[in-house]
Amino acid sequence: MGVIRQLPDLLVNKIAAGEVVERPASVVKELIENSLDAGATRVSVSIEEGGQRLIRVADNGCGIAAGDVHLAVSAHATSKLADEAALFAIGTLGFRGEALASIGSVSNLRLTSRTHDADAGAEVRVIGSRIKETTAVGRPPGTTVEVRDLFFNVPARRKFLRTKSTETARVTELFTRLALAHPPIAFDLTKNGRTSHSLPGEQTTVERIASFFGPEMADELMHFQRTEHGLAIEGYAAPPARARATGNWQYLFVNGRWIRDRMLQFAMREAYRGLMEHDRYPVAFVYLTLDPAGVDVNVHPTKIEVRWRDGGTVRSQVLSALRETLQAADLTPALRAPSPHAQVDDSRNDQLRHEAAEWFKRQIPAQPTGSSGTADSTSRGAFPRGGALGDRTTVTPYRSTGNHPASDSVSDRPRPADALSLWRTHYGDSPSPDVHQPALEGMVQRAPGRALQLHNTYLVTETEDGLLIIDQHALHERVIYEELRKRITGGALESQRLLLPETLAVTPDQMALLETHRDLLQRLGMEVSPFGPDTVAVHAFPSLLADTSARRVLGDLLDKLAENDAGGDVEDLVHELLEMMACKAAVKAGDPLTPEEIDALIAQRSLVEKSSNCPHGRPTTLSMSVKELEKQFKRR
Ligand code: ADP
Ligand code: MG
């Protein structure tokens, strides 16, 4: 006797429900999408107890004819897909015709609806897949769906739900995505009877973003827009200083649908490379519009992943749009005291502000012994001329991580002869900027003689409308890095033969790595060869690093090679190695600089790319406007 049986419809629906209806937030998503597909201009969402007890979505859309309401809640019934061809050019958010049926199979569902030309509305109820009779009801045009007791008949699903507050947060996040995707539509969200969001219709995108993330963040966004190859891109990128610890703040929309796309997430990070620390993620809102035939949304039951017909073009368009925007912008973080009138109506905003404040705090290094410490150091002479400064190592705020313990520390050793040679070789012996760069703008023209070195670490200079505080090490690092990058694209770095080769003990793995990366080492100006079974000798070394220990640089380099061996990109590795070299060659915190050196360094600021951040992504410069000073001193 055969053992294969056709599954009963009820069970089929429950299985399908498992894919689409995972948790209350998935119900909210399906219902809001239906409202948007129905052309609603106002959507009201209400949940109780994390959505498990009640989810209600009401809209003023086209409504459903009384004769159709039972079909709407039946499996595989949709008004959105006429034939197979339509499946490959989907212009609506829904099309599978299974959401309402699936939701109805795992809850008590009540749908009421009225079309604009009908005299009365119709109501249909579904209890665990059993569809009740349609009855007439009075109601305004539009549709309301109420979902009660979600998963009442699927204990296994119920167990997977998290706490009410977690489920509520997920609903809020979904609401956020959909509302961000459709700024012209009015939305509101009520949780346990309390309205948390009330968004007016006809908002612009940036107004909608401001509604969720606060006006301060929205003010800082950089707008970009381009249309090429049938792809329209519009977006808002936050400055790198707003970067977050997760990628959740990269909002990506395609034809009105929020999606997750690894390729584009990478592209966004790529655009910000070198402007933020490696473990940070940019905040950006990117809206793509293209022919629906160019993107297949029928890949995933919840339609949050898509397949591109021409992913390469999408990627490069997004990347270059973002890149150009960032390149054109002044990314120097402004020092601003928090406004006492700031209005916060969302817990995520609180979190954002908190992080911004923490970040802000990190930009201002704590004095070793608090404010009295400042007084102490003043009485001892606040700006020592290169004396022993061992007790001031904590002043260095941007200590490089791990690999180069001594590289950034304060010291009284003579500054490497080569430290400033880079721009000398590039711009001639006189570092005075105006000799070589007659067209420098703003601060640079006014800079000579106007800059001050503080604590042998920071440079303070005047600008047209305020002042800049520069971290000398961070900025110099960026300058050298950009120079190295330029040189290495043109060939190999200049190298210098060592009179006495330096030796380093290596493991067989490391020996193999050196062999594999021989070309790379040569590009970097290093010549290394085996010197016995477990030792290598360094014969030539980048001139720029003449004053650093070849052994240590090679050790660090081997660590990076090993890390990269796990499957990294060679160009990424080159960048990392250049970062490391730039860090070692740059002036350190605590190095006293001559006025000429200060001027030269400041002049470089407006000449190199991405001067707002060091190669590790930390800021090189903070700015404060005269306006802000006036505000702080209560002059206005
Ligand atoms: P799909 O959205 O994939 O078509 P659903 O199960 O979500 O499938 O909805 C089934 C049908 O019910 C839709 O095709 C639509 O015709 C109708 N419908 C559902 N919700 C609404 C609504 N809010 N307004 C108007 N029609 C709706
Ligand atoms: Mg739907």
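All ligand and atom numbering here is 1-based and tracks the order in the structure.
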*Compute whether any side-chain donor of one residue and acceptor of the other, for N34 and K80, lie under 3.5 angstrom apart.*
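Judged by distance alone, the side chains do pair up.
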
*In terms of the angle between their ring planes, are W249 and F213 parallel, tilted or perpendicular, with boundaries placed at 30° and 60°?*
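Ring orientation, 0 to 90° scale: tilted.
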
*Does a side-chain heavy-atom distance below 4.5 Å link N255 with T289?*
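SC-SC contact between N255 and T289 confirmed.
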
*Can a cation-pi geometry be assigned to R177 and Y251, taking NZ or CZ under 6.0 Å from the six-membered ring centre and within 45° of the ring axis?*
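No.
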
*Looking at H197 versus F187, is the centre-to-centre ring distance below 6.0 Å?*
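No; F187 has its ring centre 6.0 Å or more from that of H197.
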
Heavy-atom nearest neighbour in the protein, as seen from [atom], with distance rounded to 0.1 Å:
| atom | result |
| --- | --- |
| atom 16 (O) of ligand 1 | S79 OG, 2.5 Å |
| atom 6 (O) of ligand 1 | L100 N, 2.9 Å |
| atom 7 (O) of ligand 1 | N34 ND2, 2.8 Å |
| atom 2 (O) of ligand 1 | K80 NZ, 2.7 Å |
| atom 12 (O) of ligand 1 | A72 CB, 3.3 Å |

*Do R148 and E146 pass the side-chain contact (heavy atoms from CB on, under 4.5 Å) test, and can you show the C-alpha distance, the side-chain angles, and the key distance before you say yes or no?*
CA-CA 6 Å; R148 288 181 194 275; E146 274 177 15; 3.3 Å; yes

*asked:* Before you tell me yes or no, could you show the steps for M217 and V283 under side-chain contact (heavy atoms from CB on, under 4.5 Å), namely the whole-Å CA-CA distance, both residues' side-chain angles and the distance that decides it to 0.1 Å?
replied: CA-CA 10 Å; M217 148 94 121; V283 174; 3.5 Å; yes

*Is any N or O atom of D59, backbone or side chain, closer than 3.5 Å to an N or O atom of ligand 1?*
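Looking only at distances, the answer is yes, because the N/O contact criterion of under 3.5 Å is met.
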
*Min N/O separation A99 to ligand 1 under 3.5 Å*: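 Such a contact does occur with ligand 1.
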
Subset of ligand 1 atoms that lie under 4.0 Å from at least one heavy atom of [X]:
| X | result |
| --- | --- |
| G94 | 2 (O), 3 (O) |
| E98 | 6 (O), 8 (O) |
| T143 | 22 (C), 23 (N), 24 (N), 25 (C) |
| T78 | 1 (P), 4 (O), 14 (O) |
| R96 | 3 (O) |
| A38 | 24 (N), 25 (C) |
| I64 | 17 (C), 18 (N), 25 (C), 26 (N), 27 (C) |
| G97 | 1 (P), 3 (O), 4 (O), 6 (O), 8 (O) |

*How about T78: does one of its N, O or S atoms come closer than 2.8 Å to the Mg ion (ligand 2)?*
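For T78, the answer is no, given that no N, O or S atom comes within less than 2.8 Å of the Mg ion (ligand 2).
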
*Drop me the distance from H300's NE2 to I259's CD1, to the nearest 0.5 angstrom.*
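Interatomic distance, H300 NE2 to I259 CD1, rounded to 0.5 Å: 12.0 Å.
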
_Euclidean distance, L290 CG relative to Q317 CD, rounded to 0.5 Å_ =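 One finds 11.5 Å between CD of Q317 and CG of L290.
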
*Take F253 and Y287 through the test ring pair (Phe, Tyr, Trp, His ring centres under 6.0 Å) and record every step on the way to the result.*
CA-CA 5 Å; F253 305 95; Y287 296 77; 4.6 Å; yes

*For ligand 1, which part of L111 has a heavy atom less than 4.0 Å away: the side chain, the backbone, both, or neither?*
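Under 4.0 Å from ligand 1, L111 contributes no heavy atoms.
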
*Can you tell which part of A77 has a heavy atom less than 4.0 Å from ligand 1: side chain, backbone, both or neither?*
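For A77, only backbone atoms sit under 4.0 Å from ligand 1.
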
*Closest contact, heavy atoms only, L161 versus E22*: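 Minimum heavy-atom contact is CD2-O, 4.2 Å.
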
*Going by heavy atoms, is E30 under 4.0 Å from ligand 1?*
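For ligand 1, residue contact (heavy atoms, under 4.0 Å) with E30 is absent.
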
*Is it true that a side-chain atom of N60 and a backbone atom of T41 form a donor plus acceptor pair closer than 3.5 Å?*
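Yes, the answer is positive, given that a donor and an acceptor are paired below the 3.5 Å cut-off.
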
